[in-house]
Amino acid sequence: MAYLFVNAARSAGTINKNIYGQFSEHLGRCIYGGIADQDGNLRAPVVEALKKLRIPVLRWPGGCFADTYHWQDGIGPRSERKTIINTNWGGVTENNAFGTHEFLELCEQLGCEAYLSGNVGSGTVQEFSDWVEYCNMAGVSPMADLRRQNGREKPFGVRYWGIGNEAWGCGGNMRAEYYADLCRQYSTYLRAYDEKLSPYKIASGANVDDYHWTRTVVERAGHVIDAVSLHYYTIPGPDWQHKGSATDFDRAEYYTTLHKTLRMEELVENHSRIIRRFAKGRPIGLCVDEWGTWYDVEPGTNPGFLYQQNSMRDALVAAVNLNIFNNHCDTVVMANIAQAVNVLQAMLLTEGDKVIMTPTYHVFAMYGAHQGARQLESYAQTRMLGQEGEQVPELHMSASEQEDGTVLVTVANLNESESVPVNCLLGDVTPAMVTASVLVGAPSAHNTFAQPQSVIPATLPVTCSETGFTAVLPPCSVAAFTVCQQ
Ligand code: AHR
């Protein structure tokens, strides 16, 4: 029996709902053939499936694509929009049918905030500044008038703006010092056009453990930004040429993947410490605006499209990362898994008109009630598993309390072969009723278009006691316990 402890007397704060954010790039079949058709029209089954996730914020148009994107190419009558080559992702020609209006319409249908990444690598300050004016200016102005001409009277009200993407790499191969200066310059011209809507400015952040980057940006540009980003992908293989298969892996690779994904905690803690130290008292947040698994593409698919399957191993990766973000909600203000549809660790995979939900989708749904809830300190008394040097804890958890007193406890059992009986002690929380759901399967279990429901949440038997609850967590599973208080 393993003990889980939830301490309602201690909290890191409110879990920012934006931790449950998503990312959608012009890459492979994320936009065209995923979210939209080739004419830029939203595809209803995809939008309906995404709606159920209650996505709080959606990042667009990249990624690397953002620093090649000129937003004015994607507005106005679709038949008159110019074509472009997506030089980062497969060299395909795009017709720009999906642009600012189409993306912001998607956000309105999903009921989520938009997070637009501006072009710093190959754009201009004027171009970026115009985009903000186009989206947010209510009165008369050249850009607001252009927006009206294109059929949108009221402003879109976009709050989140990324000042470039991966400026150390595809976003311009810059040095941190150079980028920090550019960030100051760009930030100056991203104006507030509405006194109730200040642009929330997110600086292009570090790759993995590049602490020099975070320090330099925060030290030199911290006074003009609200947050700095961090990108960390979980890649099981030894290098970019051998990342590993999404579904064909052995026990050792399973534990290697989980070990690597657990590194997110160290990264979040170290970058947060640097932000705190150099922010000179300003509340600068950490936005993990790209994270998730990155495998070799599915055999026979375009290598530039980053299409991969998604298994129970991915479900555990999602659970572990979301637990980490919940437990560090004092600094993690946003996270955007890469990506929403058909790319990397996707929520949805599509084939023609067919749409399937991945195990990762189900984890996001099961964790949904953490959004905006008060994080509660929690602790799993657990043993370590896996191979020498790459050990992982058997159990990984987080907990939160909603405004009405309902407590959500989410626990992943990383043990691929053994179930674990747990006794969760809830401290000051007196449970009246506990219900639970579980997502379970072999590590490589996944959904296909022929069998879309191989991995779906099921009810987990749970026994409520005066002090908490007991249950048995199946091997390789993610469980969500909902505790109603007396
Ligand atoms: O998500 C895929 C790519 O990964 C993004 O375009 C880029 O920012 C990162 O390197």
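Under the 4.0 Å criterion applied to side-chain N and carboxylate O atoms, Arg383 and Glu418 are assigned as salt-bridge partners. Ion pairing between a basic and an acidic side chain is recognised when a charged N comes within 4.0 Å of a carboxylate O; Lys201 and Asp226 show no such pairing.
Residues Phe325 and Trp291 place their aromatic rings such that the two centres sit under 6.0 Å apart.
Within the 4.5 Å cutoff, the side chain of Trp294 has heavy atoms near those of the Trp240 side chain. Using a 4.5 Å cut-off on side-chain heavy atoms (C-beta onward), Leu426 and Val483 make contact.
Note: Tyr233 and His231 have perpendicular aromatic rings, judged against thresholds of 30 and 60 degrees for the angle between ring planes. Between Trp60 and Phe103, the two ring planes are parallel [angle under 30°; tilted spans 30° to 60°]. Between His26 and Tyr32, the two ring planes are perpendicular [angle over 60°; tilted spans 30° to 60°].
Figure legend: Arg54 and Tyr20 shown without cation-pi pairing, the cationic atom not lying both under 6.0 angstrom from the six-membered ring centre and within 45 degrees of its axis. A cation-pi arrangement is present between Arg313 and Phe249 under the rule of less than 6.0 angstrom and at most 45 degrees off the ring axis.
For the side chain to side chain contact (heavy atoms under 4.5 Å, CB included) with Val411, the lone residue among Asn323, Leu4, Val422 that qualifies is Leu4. Just one of Tyr160, Trp161, Tyr115 meets the ring pair (Phe, Tyr, Trp, His ring centres under 6.0 Å) condition when paired with Tyr200; it is Tyr160.
Summarising the geometry of Ala315 relative to Pro359, their closest heavy-atom pair is CB-CB, 3.9 Å, with the distance given to 0.1 Å. Taking each heavy atom of Tyr255 and Asn415 in turn, the nearest pair found is OH-CA, 3.7 Å. For the residue pair Pro393 and Leu414, the shortest heavy atom distance occurs at O-CD2, 3.3 Å. The shortest heavy-atom contact between Ile324 and Thr261 is CD1-O, 4.5 Å. For Asp330 against Ala12, the heavy-atom pair with the smallest separation is CB-O, 3.5 Å.
Partners of Cys170 under the disulfide bond (SG atoms under 2.5 Å apart) rule, at least two apart in sequence or in another chain, are Cys64.
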Side-chain donor-acceptor pairs of residues 297-306 under 3.5 Å, sequence neighbours excluded:
residue: Glu298; atom: OE2; partner: Gln309; partner atom: N; Å: 3.1
residue: Thr301; atom: OG1; partner: Glu298; partner atom: O; Å: 2.7
residue: Asn302; atom: OD1; partner: Gly304; partner atom: N; Å: 2.8

message: One pair to check against side-chain contact (heavy atoms from CB on, under 4.5 Å): Gln485 and Thr406. What are the steps and the verdict?
response: CA-CA 6 Å; Gln485 296 199 53; Thr406 305; over 6 Å; no

task: Quick one: do Ser229 and Glu166 satisfy side-chain hydrogen bond (donor to acceptor under 3.5 Å, both in side chains)? Show the steps, please.
output: CA-CA 9 Å; Ser229 80; Glu166 296 194 352; over 6 Å; no

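A donor atom on one side chain and an acceptor atom on the other are not found under 3.5 Å apart for Gln375 and Ser400. For the residue pair Thr293 / Asp314, a side-chain donor-acceptor distance below 3.5 Å is found, with atom types taken as modelled.
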